[in-house]
Amino acid sequence: MNFTRTMKRNYSKLMFKQLFDSTSFTYTYIIADLNSKSCILIDPVLEKVERDIKLLKEFDLDLKYILDTHVHADHVTGTSKLMETFPNSSWVIGTKNKPNINFQRVQYVKDDDEISVDDIKLKVLETPGHTNGCISFYSDGRVFTGDTILVRACGRTDFQEGNANQLFDSIKNKIYKLPDETLLYPAHDYNGISNSSIKEEKLYNPRIFETQTREKFVEIMNNLNLAKPKLIHVAVPANLIGGIISK
Ligand SMILES: [Fe+2]
């Protein structure tokens, strides 16, 4: 046994925070290694970047990776603003989301890739369906699902190359294959429930409970008749380049 390594692991302390934006109902997550001061941030919101920076500075954290689960349509990501403040940070996004400019400090990730910084380790799961380029992250008993699956709901599939059949496969064959006790942390919640578990969603998700059929799921998703997000025409082009809004 490597004693030094064991000692380091025993003394390492991971911090986890779930933050909320009440305008877009978005959750942002921070995972930090308080020994090394390295941290990662998942799905920042532009209007909440000052809050996030203040919090990271209070803990003297060095932001290494900013992860976007997908190209959001309902809010602009805080990624590029955070990258200005934290020069050691890189943007992580699914490989299917190719920006049309030469963007530095970006890492495209695909299924089974690992994002690793000191004692923080995340595994990438490609989970298309809400959008073509959606990814989820699994880390130490938690899964960050973006809009792939929400608490008792799931992301819509009617724009950004969304596809209800693909979403069914992503949830059934990737998310629901994780251990039942895995805690599920979504990108949004509209009902005041901040997290769930795989088992809970298999039991109680009205759109995609464990024995739901593909046909019924696709029928539900194709008949949601939702209005388009108000910000979609601003947010999608901005988020393809990390959240820079063109003037
Ligand atoms: Fe979304």
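Atoms within a ligand are numbered from 1 in the order they appear, just like the ligands themselves.
The list of ring-ring contact (aromatic ring centres under 6.0 Å, His included) pairs with a residue in residues 118-140, not counting sequence neighbours, reads His70-His130. For residues 209-228, the pairs satisfying ring-ring contact (aromatic ring centres under 6.0 Å, His included) are Phe168-Phe217, with sequence neighbours left out.
Clustering of Ile, Leu, Val, Met, Phe, Trp and Tyr by side-chain heavy atoms under 4.5 Å joins Tyr204 with Leu203.
Checked for salt-bridge contact, Lys81 and Glu84 miss the test: no charged N lies under 4.0 Å from a carboxylate O. A salt bridge is absent between Lys54 and Glu50; no separation between the charged side-chain nitrogens and carboxylate oxygens falls under 4.0 Å.
Side chains of Thr157 and Asn163: a donor-acceptor N/O pair is absent below 3.5 angstrom, by distance only.
Only protein N, O or S atoms were considered, and those under 2.8 Å from the Fe ion (ligand 1) are His70 NE2, His130 NE2, Asp147 OD2.
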